[in-house]
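Data block below; observations after.
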Amino acid sequence: MNIEATLKDDIRQAIQECFQTSVEDIILQPTKKEFEGFYTFVTFPLTKALRRPPIEIGQTIGSYLTGHSSVVAGFNVVQGFLNISLKNTTWLDLLSSISTNPNHGSFPANGQSVMVEFSSPNTNKPLHLGHLRNNFLGSSVARILSANGYDVVRTCLVNDRGVHICKSMLAYRELGNGETPETSGLKGDHLAGKYYVEFDKEYKRQTKELVAQGMGEEEAAKKAPWILEAHELLRKWEQGDAETVALWQKMNGWVYEGFNETYNKIGVSFDKTYYESDTYLLGKDIIEEGLQKGVFYQKEDGSVWIDLTEEGLDQKLVLRGDGTSVYITQDLGTTELKYQDFHNDRYIWVVGNEQDYHFNVLFAILKRLGRPYAEGCYHLSYGMVDLPTGKMKSREGTVVDADDLIREMYDTAESRTRELGKIEDFNSDEAKQLYHTLALGALKYYLLKVDPKKRMLFNPEESIDFQGHTGPFIQYTYARVRSILRKAEQAGLQAVVPTDYASVHPAEQEVIFYLSQYPSRVRAAGEEFAPSIISLYAFELAKVYNQFYAELSIFSDPDPKAVQLRIALSAAVAETIRHAMALLGIDVPEKM
RNA sequence: GGUCCCGUAGCUCAGCUGGAUAGAGCAUCUGCCUUCUAAGCAGACGGUCACACGUUCGAAUCGUGUCGGGAUCACCA
C-alpha cells in the first residue's frame, strides 16, 4: 500500500467535498517531532482560493478525514498545519505489506535503458581517492537506476594512450633496467606510476638546466630532451612502431592487472570497457557531417570550429588544422559508438566537475547535430575530494593512494574489532572477511554520504571513525537485527504481522513510518542520481531501529502479539538495510 | 576579466520544488550494560543559515547586489 498516495487522495476529496474546490497537487511533509502525528498538510496555500482562515481549513479537512478516510485516526491543527495521525490498523497493514513484499524498494522494469560511464582511469598511475569517489558513485548510481527499473549498462573508458602514457614508457625504457611487477614486488599500476614520477623528476631537472643556460622557462619546458622524446614516442606509437607498441602493451598489461586487483577489492565491475586507443580516431566523420550540415565551419588553416555563443558558450575548436582530433572530437565519436553498440535511452557520464564546460559543449554540439540521444545525455558532475591540507595534486605527491587507503581502513577495522572482542568464534577467514566488509563499508559510506555535486573534505581521522553517521554504524545495526532474527528462528517464532495487535507503540510506529518511506527515497535517488539520499536514509532507519531496540524488549514482552510484531518489524528492517546498503555497494555482516 | 559552483553549530554534513522553535554526526560534558550485540541509547552545550536589499501571510530555501572560496575559459585530456 502507498500510504502517502492514499492520504493525498483523501485530502483532495476532503477539499472537494467541504469546499467544492479541486486541488491538483497535494503536498505532504513529515510531521516535526515536537508535534503529534506523522504527516502534515500545510493549509496556508489554500487560504486564498478557499477564502477561509488556515486554522479553519485545517479543522474542516481534519474532521472530514477522521470521518471518511480509511487510514486517519485523528488530527491536530497548529496555525496552518494539519497534523495527521494514522490508525492502529493502518500501521499493521503498512508493516504487513512491506513484510510480504520481497521487492520493497525495487521497481519493475520501465522499458528504458541507461548507460553509466564511470571510473575512466589513466594507465600511467594508480587509482587514488578521487577515483574512489568516482567508482563508488558510478557503481552506486548504476545499482540505484537498476532498482528504479532501468536496464543498466556500466562502461569504463580507459585513457590508455597519449603523451602522458609515453612519459612513463620513456622513463621506464631509460631507467627501468627491465624491472617488472614480479622482480620489483610492485603492483603493476604502481610500477607504471613510479616511472611517471621518474619522468617528471628528470624532465624538471632538464628544464632547470636549460633555464640555467639562459633559456626562457616556457621555451625550456618545450625543448627539454625528454619532452621532445616523449612526443616522438607518441608519434611512433601512432605510426604503429613495433617496439613502441610492444612496450606500451607490456606496461599497460601490468597496469590492468593492478587495476583489476583494486576493482575486485572494491567490488566494482563493468559490462563493457572502451579503450581510447581504439576510439581516439573516431569522430572525424561526424566533423565532416557537421561541416556539410553547416553546424561547423572551417578556418583558412583547415581547423574546424563551432560557434556556441548562442548557448552562452564560446567558439570551440572541434578538429585541429592538421586534421587530428582533440578531446571533444573523440568524445563525439565515442558517444556515437556507444549509441551504435547499445541504443540506450539515456547516457550518464560520471566525471568530475572540472569538466562541466566540456560537457556543456559536447551536449550542445550533439543537439546541434540533431542526434537522437542528445536529450538523454547527462553529466553527473561530482565535486573534488579535498584533504585537510588542501587540494590533492599528483605532481606534488599529496594524493591519497587507493590501495594504501583500503589497507589502512582494513587495519583499523581489524584493531577496532579486536578491541571489542565480539567475534572470538570466528575462524581466520571469517575474521578477514569481516574486516574487509567493515573497511569498505566505512570507506564507501564516507564517500557516498555527501551530495555528489558537492566538493567534499576527506578527513583521515574522521574517515576511520566507526561510530555515529558511518557505514559501520549501519552495519552494526544490521548485525544486531540479524542476531535477533537468529534467536527468533531458534525459538521457532515466525515473522508474521499480527492483525489484531491492540496498540502499535510510538517507537514501533516510527520504524514502520521510515520503512514505508523507502520506495520514495529510492525513486528520488534515481531521479537525482544521488546515492547520498540512500545513505542518509539507511542511517535514519538504523537510528530509529536502535531507538526502538533500546526502548522496547522484543522477547520478554508478555504479549505474544507484541513479540510477533517486533520480530516482523526487525525482519523488515534487516531486509531494508541490506537492500539500501547494497544500492551503495556495501555489504552487511551477519555478526560483528 | 567572462561563465559556472559553493558559503548552515568549533569540525564534517543534512535541510534548498518557500512553511512550525533550522537538524544529524564528530568533538566537549552528564547519565544508562545481573535483560535481545554499549561499534548502542538518553540528555546537556553549541547558530546573525557569509552580508545587504527585495518578493511573500511566511525566506536557510526565490531574485538582485556585495564579500569570501573553488572550477573553467588550450589546436591538453
Side-chain angles (χ1 to χ4, degrees), chain A residues 25 27 29 31-35 40 42-45 47-48 54 78-81 83 120 122 159 161-164 276 280 299 301-305 312-314 316-322 324-331 352-358 360-361 381 383-384 386 388 391 413 416-417 419-420 422-423 438 442 446 449-451 453-459 461-463 465-477 479-488 532-533 535-536 539-540 542-543 545-556 566-567 570 591-592:
Chain A
D25 286 338
I27 296 169
Q29 53 185 359
T31 303
K32 300 201 103 185
K33 272 183 203 145
E34 57 264 46
F35 300 98
T40 294
V42 183
T43 62
F44 288 110
T47 51
K48 263 186 194 156
V78 182
Q79 298 169 52
F81 300 91
N83 302 319
S120 310
N122 290 347
N159 181 218
R161 64 162 287 280
V163 74
H164 51 295
E276 233 178 70
Y280 81 106
K299 289 191 177 173
D301 64 359
S303 60
V304 181
W305 296 72
L313 304 164
D314 306 310
K316 186 78 191 167
L317 176 104
V318 294
L319 194 71
R320 290 195 187 99
D322 63 5
T324 58
S325 302
V326 290
Y327 183 34
I328 199 93
T329 326
Q330 293 178 39
D331 255 4
N353 63 8
E354 76 271 15
Q355 294 197 32
D356 283 355
Y357 182 76
H358 170 76
N360 283 336
V361 170
S381 161
M384 297 292 99
D386 285 328
K391 208 186 158 178
R416 206 62 54 88
T417 304
E419 278 166 30
L420 293 172
K422 292 184 183 180
I423 58 159
L438 295 178
Y446 188 86
K449 72 176 172 180
V450 181
D451 184 338
K453 293 191 289 293
K454 293 193 177 166
R455 166 179 279 272
M456 69 173 288
L457 183 83
F458 183 85
N459 185 330
E461 285 170 31
E462 201 180 283
S463 71
D465 211 331
F466 285 8
Q467 291 169 353
H469 191 186
T470 66
F473 167 88
I474 302 165
Q475 291 173 317
Y476 170 72
T477 306
R480 249 190 355 185
V481 188
R482 286 299 305 154
S483 171
I484 293 280
L485 296 174
R486 279 193 299 272
K487 191 173 168 181
S532 57
I533 291 175
S535 308
L536 191 65
F539 174 65
E540 287 169 348
K543 215 170 142 55
Y545 183 82
N546 282 329
Q547 286 162 355
F548 153 84
Y549 182 94
E551 190 171 345
L552 299 173
S553 170
I554 293 172
F555 295 106
S556 59
R566 288 169 195 171
I567 292 169
S570 299
K591 193 175 168 188
M592 67 184 272

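No hydrogens, no waters, no symmetry mates; every other heavy atom, side chains included, goes into these values.
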* To do: Using the six-membered ring wherever Trp is involved, compare the ring planes of A:Phe81 and A:Phe44 and label them parallel, tilted or perpendicular (cut-offs 30° and 60°).
  =>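 Perpendicular.
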Quick one: list whatever passes side-chain contact (heavy atoms from CB on, under 4.5 Å) with [X], sequence neighbours left out.
{"X": "A:Lys487", "value": "A:Phe555"}
{"X": "A:Thr329", "value": "A:Ile287, A:Leu319, A:Ser325, A:Val326"}
{"X": "A:Ser303", "value": "A:Lys299, A:Asp301, A:Trp305, A:Leu317"}

* Do A:Tyr545 and A:Phe548 have their ring centres less than 6.0 Å from each other? ->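 Here the rings of A:Phe548 and A:Tyr545 have centres that are less than 6.0 Å from each other.
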Send over the distance from [X] [atom1] to [N] [atom2], rounded to a whole Å.
{"X": "A:Met592", "N": "B:rU37", "atom1": "CE", "atom2": "P", "answer": "14 Å"}
{"X": "A:Gln475", "N": "B:rU37", "atom1": "CD", "atom2": "C1'", "answer": "15 Å"}
{"X": "A:Asp356", "N": "B:rC5", "atom1": "CG", "atom2": "P", "answer": "9 Å"}
{"X": "A:Leu313", "N": "B:rU3", "atom1": "CG", "atom2": "C1'", "answer": "9 Å"}

* Under the 3.5 Å Watson-Crick or G-U criterion, the dot-bracket string of RNA chain B, with | for inter-strand pairs -> ((((((((.[[[[.)...(...]]]].(((((.......))))).....[[[[[..)....]]]]])))))))....
Can you check the distance between [N] and [M], where both ends of the measurement are the [atom1] atom (answer in whole Å)?
{"N": "B:rG10", "M": "B:rA27", "atom1": "C1'", "value": "8 Å"}
{"N": "B:rA22", "M": "B:rA59", "atom1": "C1'", "value": "12 Å"}
{"N": "B:rC16", "M": "B:rA60", "atom1": "P", "value": "14 Å"}
{"N": "B:rA9", "M": "B:rG47", "atom1": "P", "value": "10 Å"}
{"N": "B:rC62", "M": "B:rU55", "atom1": "C1'", "value": "8 Å"}
{"N": "B:rA50", "M": "B:rG68", "atom1": "C1'", "value": "8 Å"}
{"N": "B:rG65", "M": "B:rC45", "atom1": "C1'", "value": "37 Å"}
{"N": "B:rG58", "M": "B:rG70", "atom1": "P", "value": "38 Å"}

* Kindly determine whether A:Asn546 and A:Arg480 satisfy side-chain hydrogen bond (donor to acceptor under 3.5 Å, both in side chains), including the steps that lead there. => CA-CA 9 Å; A:Asn546 282 329; A:Arg480 249 190 355 185; 2.7 Å; yes
* Structure fact -> B/S/- along nucleotides 6-28 of chain B (protein heavy atoms under 4.0 Å) is ------SSS-B--BB--SSSS--
* Structure fact -> Going 5' to 3' through nucleotides 72-77 of chain B and flagging B where a protein heavy-atom sits under 4.0 Å of the base, S where only the sugar-phosphate is that close, and - otherwise, we get SS-BSB
Keeping the roles fixed (side chain from [X], backbone from [Y]), state whether a donor-acceptor pair exists under 3.5 Å.
{"X": "A:Thr43", "Y": "A:Pro54", "answer": "yes"}
{"X": "A:Arg482", "Y": "A:Lys591", "answer": "no"}
{"X": "A:Tyr446", "Y": "A:Asn459", "answer": "yes"}
{"X": "A:Thr477", "Y": "A:Phe473", "answer": "yes"}
{"X": "A:Lys316", "Y": "A:Val361", "answer": "no"}

* B:rU37 phosphate, OP1 or OP2: any side-chain N/O from A:Ser483 under 4.0 angstrom? ->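 A:Ser483 to B:rU37 OP1/OP2: side-chain N or O found under 4.0 Å.
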* Side-chain N or O of A:Arg482 less than 4.0 angstrom from OP1 or OP2 on B:rC36? ->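 Negative; the distance criterion is not met.
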* Is it true that the side chains of A:Ser381 and A:Asp356 contain a donor and an acceptor less than 3.5 Å apart? ->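 Indeed, the side chains of A:Ser381 and A:Asp356 share at least one donor-acceptor pair under 3.5 Å.
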